[in-house]
2 protein chains.
Amino acid sequence: MSLNPRQSTESRQAEIIATVVALAAERNPADVTTTDIAKAMNVTQGALFRHFSNKEAIRLAVIDWVETQLMTRLGDAQASAPDVVSGLEAMFLAHVRFIREFPGVPRLVFAELQQPDSSPVRQRVQQIMRRYRQMLAETLGKAKAAQLISPDVDTEAASALFLGAIQGLVMQSMLGGASSDAEVPVLGVLRLYLASLGGKS
Amino acid sequence: MSLNPRQSTESRQAEIIATVVALAAERNPADVTTTDIAKAMNVTQGALFRHFSNKEAIRLAVIDWVETQLMTRLGDAQASAPDVVSGLEAMFLAHVRFIREFPGVPRLVFAELQQPDSSPVRQRVQQIMRRYRQMLAETLGKAKAAQLISPDVDTEAASALFLGAIQGLVMQSMLGGASSDAEVPVLGVLRLYLASLGGKS
DNA sequence: TACTTGTAAGTAACTTATTACATACAAACG
DNA sequence: CGTTTGTATGTAATAAGTTACTTACAAGTA
């Protein structure tokens, strides 16, 4: 009856992570049960605990996957850009592309951010965001030094606004719901953001 | 033994709402049980159902409270501003003040946004956000007509960025956690946002 | 054979909601 | 004015359902 043959723990772990990310695209991640995951994999619920000791371990693995995915894409984007400001632009677009490809990701991140302060998974998310902001502040600093943006931008505020701009787009697409594919003004927001930095374009 | 005397349904409903908002400031709203609410009120769990038929009814009442609070404050802010752009500024600051006063509010909104599309509570939140964006787009249109901002701003994008800017600040304060009171660059972000509109000031 | 991956069934803990019963309180009445 | 009586508000207990995790056993694989 099992349409799903035996597999190694390694490949099952990857499958579990992918399944969680996929399910989070359409449902509240907090309401995704181990039974839901197992059912989506054509496996019994108990089987999951052969590959992860806890449900928390699953959530942690999912966040780890998100981190490597996001950081790789951001790094690549920045690396293949001619100058620092184009790098910012590329990072912005890479981030948007990532969450467009995996709409469950922002929902997962939100869900973990709601967790109590002490939660290891939440602390992991905090760490990722902190690094992201540092990366942005650094890049903005370089842009300022290279006189590509106005010398009096508050780099801390500009980092917050960068993430906020993406947040705003995410929220707008989340609000639209699964049905309506309302045009989300990605490029419009990006243009506005760059304008706020007072660069020359 | 009851330190809490009998009260009218009306006052109890208000108390329940306030308690949920307060609890959401420190815990995951999705994990706040009826027992938690009751315990915080010095009342037994079953008593809650004398005043609300469902837990969903409670959540709906909470969102209704958020709506009236937010809309009143935004309306007042805009009304008491000399010009349209100052109105935008005042709305921004009023929103920030509101969520600083009730840190549970954004968490509650996030939690409801994670709900399935069909959920009545989620639809309510969607409605509120839609109105908010319309209000913003309208104001931005007026500002453009009065030549207070650049004529070629994309008002839709500018609305999204307005909400995103606030979102970014919220996230930054959520990231800091309950402990660290890291300075959140509210004014810096507001200044950047206004700069993106290309106004003169 | 020895180990890994899977299943089926079970369990303990938790959550919403209901139910049977108690008590405060206001209005009606003698 | 004092008593009765109906209703709103409260409690304690519990029903019914869900969830994460465990265990005893089976079967594939090296």
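First the proteins, then the strands, lettered A, B, ... as listed; each starts at 1. Side chains are part of it too, since the values below use all heavy atoms of this structure and drop only hydrogens, waters and symmetry mates.
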**Item:** Proximal nucleotide (of C:dA17, D:dC21, C:dG6) relative to the A:Asn54 side chain
**Value:** D:dC21

**Prompt:** Just checking, any donor-acceptor pair under 3.5 angstrom between side chains of A:Arg124 and A:Gln127?
**Reply:** yes

**Request:** Calculate the interatomic distance between A:Arg12 atom CZ and D:dT29 atom P; express it in whole Å.
**Result:** 12 Å

**Asked** Which nucleotide in the set C:dA8, C:dT5, C:dT16 lies at the smallest distance from any side-chain heavy atom of B:Phe49?
**Response** C:dT16

**Asked** To the nearest Å, how far apart are B:Asp36 CG and C:dA17 C1'?
**Response** 16 Å

**Message:** Output the rounded distance in Å from CD1 (B:Ile37) to C1' (C:dC14).
**Reply:** 15 Å

**Prompt:** Is a side-chain N or O of A:Gln126 found less than 3.5 angstrom from the main chain of B:Leu175, in a donor-acceptor match?
**Reply:** yes

**Request:** Assign each of B:Ser8 and A:Glu56 to its nearest nucleotide of DNA chain D by heavy atoms, then name whichever residue's nucleotide is nearer the 5' end.
**Result:** B:Ser8

**Request:** Would you indicate which nucleotide in C:dT7, D:dA13, D:dT11 comes nearest to any side-chain atom of B:Gln45?
**Result:** D:dA13

**Request:** State whether B:His51 places a side-chain N or O below 4.0 Å from either non-bridging phosphate oxygen (OP1 or OP2) of D:dG10.
**Result:** yes

**Residues A:Thr35 and A:Gln45: side-chain donor-acceptor under 3.5 angstrom** = no

**Prompt:** Would you say B:Thr9 reaches D:dT9's phosphate, i.e. side-chain N/O to OP1/OP2 under 4.0 Å?
**Reply:** yes

**Prompt:** Looking at D:dT11, C:dA8, D:dA20, which one has an atom nearest to any side-chain atom of B:Val43?
**Reply:** D:dT11

**Prompt:** Is the phosphate of C:dT16, meaning OP1 or OP2, less than 4.0 Å from a side-chain N or O of B:Thr34?
**Reply:** yes

**Whole-Å distance separating the NZ atom of A:Lys55 from the P atom of D:dT18** = 15 Å

**Asked** What nucleotide among C:dA20, C:dT18, C:dT5 has an atom nearest to a side-chain atom of B:Arg50?
**Response** C:dA20

**Asked** Nearest to the side chain of A:Thr33 - D:dT19, D:dG28, C:dA17?
**Response** D:dT19

**Message:** How many whole angstroms separate atom CZ of A:Phe52 from atom C1' of D:dA20?
**Reply:** 16 Å

**Request:** Would you kindly say whether A:Arg73 and A:Gln69 are connected by a side-chain donor-acceptor distance under 3.5 Å?
**Result:** yes

**Request:** Would you kindly give the CG-to-C1' distance between B:Asp31 and C:dT16, to the nearest whole Å?
**Result:** 15 Å

**Prompt:** Within the structure shown, what part of the strands sits under 4.0 Å from B:Gln7 by heavy-atom distance: base, sugar-phosphate, or nothing?
**Reply:** sugar-phosphate

**Prompt:** Given atom CD1 of A:Ile58 and atom C1' of D:dC21, what is their separation to the nearest angstrom?
**Reply:** 11 Å

**Message:** Using the side-chain heavy atoms of B:Arg6, tell me which of these nucleotides is nearest: D:dA27, D:dA20, C:dA24.
**Reply:** C:dA24

**Prompt:** Rounded to whole angstrom units, what separation is found between the NZ atom of A:Lys39 and the P atom of C:dT7?
**Reply:** 13 Å

**Prompt:** Would the number of heavy atoms belonging to other residues, nucleotides or ligands and lying under 6.0 Å from CD of B:Glu101 be above 12?
**Reply:** yes

